[in-house]
Amino acid sequence: MAYFYFDFRDVDKQGLHHLLPSLLIQLSARSDPCCDILSRLYSSHDRGVRKPNDRAMIGCLKEMLALEARGPTYIIMDALMSVQLRLPFITTGGGP
């Protein structure tokens, strides 16, 4: 599970450039295979000298979510309705 709160009062916390790293760090902290995926992203960007773009981080997130051994992964995004943001990698499902 990973959690992110979109703060409508803080414009910086309303974009992918904060959402994606947060999700990647949270998922990699709980899984060695996810940590390996994040480590490869880090290495491919000169060990942190270059910041990965959104496309690279989305690819990394998709790879983490596709790991068969993980089972279901829940991503909770609070206050999503308060921001204008396209999330090309997420489909929303109805809750109970």
Between Q26 and M1, is there a donor-acceptor pair closer than 3.5 Å when you use the side chain of the first and the backbone of the second?
no
For the CD1 atom of I76 and the CG atom of L23, what is their distance to the nearest 0.5 Å?
11.0 Å
Spacing of L19 atom CG and I75 atom CD1 [to the nearest 0.5 Å]
8.0 Å
Apply side-chain contact (heavy atoms from CB on, under 4.5 Å) to P33 and list each qualifying residue two or more places apart in sequence or on a separate chain.
S31, L67
dist L24:CG -> M57:CE (nearest 0.5 Å) comes out at 7.0 Å
Taking all atoms of both residues into account, what is the closest heavy-atom pair of A56 and H45, and its distance?
CB-CE1, 4.1 Å
When you compare the side chain of F4 with that of H18, does any pair of heavy atoms fall below 4.5 Å?
yes
Can you sort out the partners of S44 under side chain to side chain donor-acceptor pair (under 3.5 Å), two or more places apart, ordered by chain and number?
none
Between the side chain of S39 and the main-chain N/O of C35, is any donor-acceptor distance below 3.5 Å?
no
For Y42, give me all partners under side chain to side chain donor-acceptor pair (under 3.5 Å), at least two apart in sequence or on another chain.
none
With sequence neighbours left out, which residue pairs that include part of residues 41-53 fulfil the salt bridge (charged side-chain N to carboxylate O under 4.0 Å, His left out) condition?
D46-R50
Counting N and O atoms only, with roles assigned by atom type, does the side chain of R30 sit under 3.5 Å from a partner on the main chain of A2, one being a donor and the other an acceptor?
no
Value for CG (L27) from SG (C34), rounded to nearest 0.5 Å, stands at 5.5 Å
Distance check, rounded to the nearest 0.5 Å: I25 atom CD1 versus L20 atom CG?
11.0 Å
Can you name the residues that form a side-chain contact (heavy atoms from CB on, under 4.5 Å) with A29, not counting sequence neighbours?
none
Minimal heavy-atom distance between M64 and L38, with the atoms involved, is CE-CB, 3.9 Å
Taking only residues two or more places apart in sequence, or in another chain, which ones meet E63 in a side-chain contact (heavy atoms from CB on, under 4.5 Å)?
I37, R40
